[in-house]
There are 4 protein chains.
Amino acid sequence: MSEENPLRDQILDISRHMLFEDGYTSLSMRKIAKQANVSATSIYLYFENKDHLLHTLIEESVEDLSLFIESKALPVTENIERFKKIIESYVDFGLQYPEKYEIIYKVRPESMARYPKEKFRKARRAYELLVKTIEDSVSAGDMEVEKPLVAAYSIWAQLHGVVSVVLNKRLDSRIDQKQFIEDSIEHVVQGFLVRTTVS
Amino acid sequence: MSEENPLRDQILDISRHMLFEDGYTSLSMRKIAKQANVSATSIYLYFENKDHLLHTLIEESVEDLSLFIESKALPVTENIERFKKIIESYVDFGLQYPEKYEIIYKVRPESMARYPKEKFRKARRAYELLVKTIEDSVSAGDMEVEKPLVAAYSIWAQLHGVVSVVLNKRLDSRIDQKQFIEDSIEHVVQGFLVRTTVS
Amino acid sequence: MSEENPLRDQILDISRHMLFEDGYTSLSMRKIAKQANVSATSIYLYFENKDHLLHTLIEESVEDLSLFIESKALPVTENIERFKKIIESYVDFGLQYPEKYEIIYKVRPESMARYPKEKFRKARRAYELLVKTIEDSVSAGDMEVEKPLVAAYSIWAQLHGVVSVVLNKRLDSRIDQKQFIEDSIEHVVQGFLVRTTVS
Amino acid sequence: MSEENPLRDQILDISRHMLFEDGYTSLSMRKIAKQANVSATSIYLYFENKDHLLHTLIEESVEDLSLFIESKALPVTENIERFKKIIESYVDFGLQYPEKYEIIYKVRPESMARYPKEKFRKARRAYELLVKTIEDSVSAGDMEVEKPLVAAYSIWAQLHGVVSVVLNKRLDSRIDQKQFIEDSIEHVVQGFLVRTTVS
DNA sequence: TATGAATGAGCGTTCATTCAT
DNA sequence: TATGAATGAACGCTCATTCAT
């Protein structure tokens, strides 16, 4: 996967940054090449075409997201704590690596229609971890959730909404960002621990 | 506002659809024209330029979303019920009018920089209703929320995440869409009613 | 020639002004129409097409130039004085009616290739007056010029160069415009009166 | 400056010719490309945009005019002779290289507004030589001119008028071109040598 | 491994003009 | 006398990509 080539990596870095800064529309092979101080042709030595470049970017971001969450959550063995850690680290990743985070969701659908479906499977590693953690919690009697699959996806979606709002700077100017994030996480988590807490 | 011109409306419809299907990047005046079976020049008889066309689309969608939510939620007078209705109708709008819903969020960075700021105010009408409803609920002792502003925004964000996942067809194939939506709404709502329920 | 129609005249005025201010390239039927507060189509009621409009403009300017010079020079009966008057009034016309003056020379060659040759004849009326005046002066022994035709044309050309420099604002900033004009006229005239003066 | 590229040179040649034949308005990147039998895109490999192409053309013409006059006039050391030589070579350049000559004056208002001011300085080299020559002549007592600056500019303007008439083929058909030029030069020169001649 | 030269397709936009009313 | 609707052609320019070296 990592072919250990400096120019290749530089192209990916530049592309990722340009994508984040100026959006998909302004991303062009020429501009990437210019910023990398190489000819546009050179990019084709490492990436078959623009689509492949983008797909590599997505793949890489998805992998990093999974690794990040795993590195934070796997060490935690207690069920509820791991559950919280996954949620927390998902948001953290989005805020710490906005360029990578955005790629996962932003590029669509102009080029994603051509993104090989099987790659999506891999993207689910972190999600599967969340599912498993919920299931474990339920098995251990730490949580009451009827459909872990659905719950996990719902959490995923809600977190994505929260992170997106922040990254897109759509937050109401009267709202403190840090508080918004904390409250939102709290809210998402609370929605699941409720009955447990009550009992 | 509605100048009652069939071609103008057709252009808006086609644009909205193309935007939804292929994304902002592949939206072109020429393609719109071709699909409307008119010359590209004709579009300029109804819209000053591409930006104006897009802004018209956004404005229209934003207005429709507000109207939709208001028409569903305003008739409901009980606080908590109205609160639920707003949430429910927001999601409903997204699912019933996906093309309009997506425009509100999708067009952004490229052309939105030029979208007149004052128009954004109008976009907040539904959001302000949510804030007010939460405040009313708190005043009436129906809900315990410290920061209604933050809460409303957080709900907004989470709902957007949920709707997005569905519209982008990113839902796990093992998950039933209807259930996902119901559970998600339930979850978002529940996160707020918790303490009330408990008491 | 003058069909006495106010809109027709307004179109000519606007065109003349736009031509002068922004050059031929920016002259468009649309813009003329917009400034006249009529539809673009309306222009075609008075002018067959853009070329005809331009040709009308040229014709009119040429006519005005002739009339202007004649009105100034014909009353003067003394040969040399009339000679000077023609020269002087040519320059005066250029400075007083720059918009009309420029049209005569500026529009070329993009649309002039299609300007009917016979119209050029009429343009020569003032020039023919100059030729005749020189010939009269020579006959009367007031001037010594071998080829009045050539002389007249040469004067014409030189004066045009002088007027052009001023109208195009190409004058060296260190040079006073009024002095430049006076000296230039003096110079052109002097070149012909020389031998007379000497004798 | 001369990067020795055949296509680049061909583009310049074609542009220069088209500019001369059809005027600035009808000069288009596409037409140039078509005539050079290359794609329009190719032009952009050698010129950043249309303005740059035009500016290159102007620069080149201005430089050539200066070089031409200098090469003819500098070898001549006697003041009056050099004075005549400058005038003569200016006209000669216009007649020998009409395409280059016209560019200097024709391109103007549309694109010249964006022509870098400092480049104009260089354009004055030949004019400054004329000024200096007049000054030298006056110092040496060979000529009586009160304002060399004004005189030089006036000569410049008159010569331009003469050359323009010829190049624009506006010459009266009854007039022999060669004689027109000779007489005009004679006339311009004579206007200045007058008092000298008389004394 | 890298490039320079070249291209066809497409973009948003403006234009002069036509036609039915 | 006047217009609104419509168009085909053209414009400057950018793009992803190819090919020979």
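Chain naming here is simple, since letters A, B, ... match the order of the sequence lines and numbering starts at 1 in each.
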**Study point:** Separation between CG of A:Leu57 and CG of A:Leu12, rounded to the nearest 0.5 Å
**Key:** 5.5 Å
Check your understanding: How far does OG of A:Ser39 sit from CZ of A:Arg30, to the nearest 0.5 angstrom?
Key -> 11.5 Å
Point to revise | Residues forming a side-chain hydrogen bond (donor to acceptor under 3.5 Å, both in side chains) with B:Thr41, sequence neighbours excluded | key: none
Practice item. Taking only heavy atoms on the protein side, list every residue of residues 38-49 of chain D lying under 4.0 Å from any atom of DNA chain F, sorted numerically. Key: D:Thr41, D:Tyr44, D:Asn49
Practice item. Check the distance between E:dG12's C1' and B:Leu27's CG and give it to me in whole angstrom. Key: 12 Å
**Study point:** Whole-Å gap separating P (E:dG10) and CG (B:Asp22)
**Key:** 14 Å
Review point. Are any of the side-chain heavy atoms of D:Tyr97 and D:Asp64 separated by less than 4.5 Å?
Key: no
Exercise for review: Any chance you could encode DNA chain F as dot-bracket? Rule is Watson-Crick or G-U wobble with both distances under 3.5 Å; [ ] for pairs crossing earlier ones, | for another strand.
Suggested key: .||||||||||||||||||||
Study note, to complete from the structure: Contacts of A:Lys50 meeting salt bridge (charged side-chain N to carboxylate O under 4.0 Å, His left out) (sequence neighbours excluded), chain-then-number -> none
Practice item. Send over the distance from B:Tyr24 OH to E:dC11 P, rounded to a whole Å. Key: 13 Å
**Study point:** Value in whole Å for how far the C1' atom of E:dT14 lies from CE of B:Met29
**Key:** 12 Å
Check your understanding: Strictly by modelled atom types, are B:His160 and B:Tyr101 linked by a side-chain donor-acceptor pair under 3.5 Å?
Key -> yes
Revision key, fill the gap. Residues at least two apart in sequence or cross-chain that pass salt bridge (charged side-chain N to carboxylate O under 4.0 Å, His left out) with A:Glu60, listed by chain then number, are A:Arg16
Check your understanding: Hey, mind stepping through A:Val38 and A:Ile32 against side-chain contact (heavy atoms from CB on, under 4.5 Å) and telling me if it holds?
Key -> CA-CA 9 Å; A:Val38 295; A:Ile32 295 167; over 6 Å; no
Check your understanding: Start at the 5' end of DNA chain E and walk down; is the nucleotide closest to D:Leu7 or to C:Arg30 reached first?
Key -> D:Leu7
Review point. So where does chain D start and stop touching DNA chain F, 5' to 3', when the test is distance under 4.0 Å to a non-hydrogen atom?
Key: F:dC11 to F:dC15
Check your understanding: Roughly how far, to the nearest 0.5 Å, is the CD atom of D:Glu59 from the CD1 atom of D:Ile103?
Key -> 12.5 Å
Review point. Looking only at side-chain N and O atoms, does B:Lys50 come under 4.0 Å of OP1 or OP2 in E:dC11?
Key: no
**Study point:** Any side-chain heavy-atom pair of A:Leu54 and A:Tyr24 under 4.5 Å
**Key:** yes
Exercise for review: Quickly work out the C:Leu53 CG to E:dC15 C1' distance and round it to whole Å.
Suggested key: 15 Å
Check your understanding: Hey, does the side chain of A:Lys31 reach the backbone of A:Ser26 with a donor-acceptor pair shorter than 3.5 angstrom?
Key -> yes
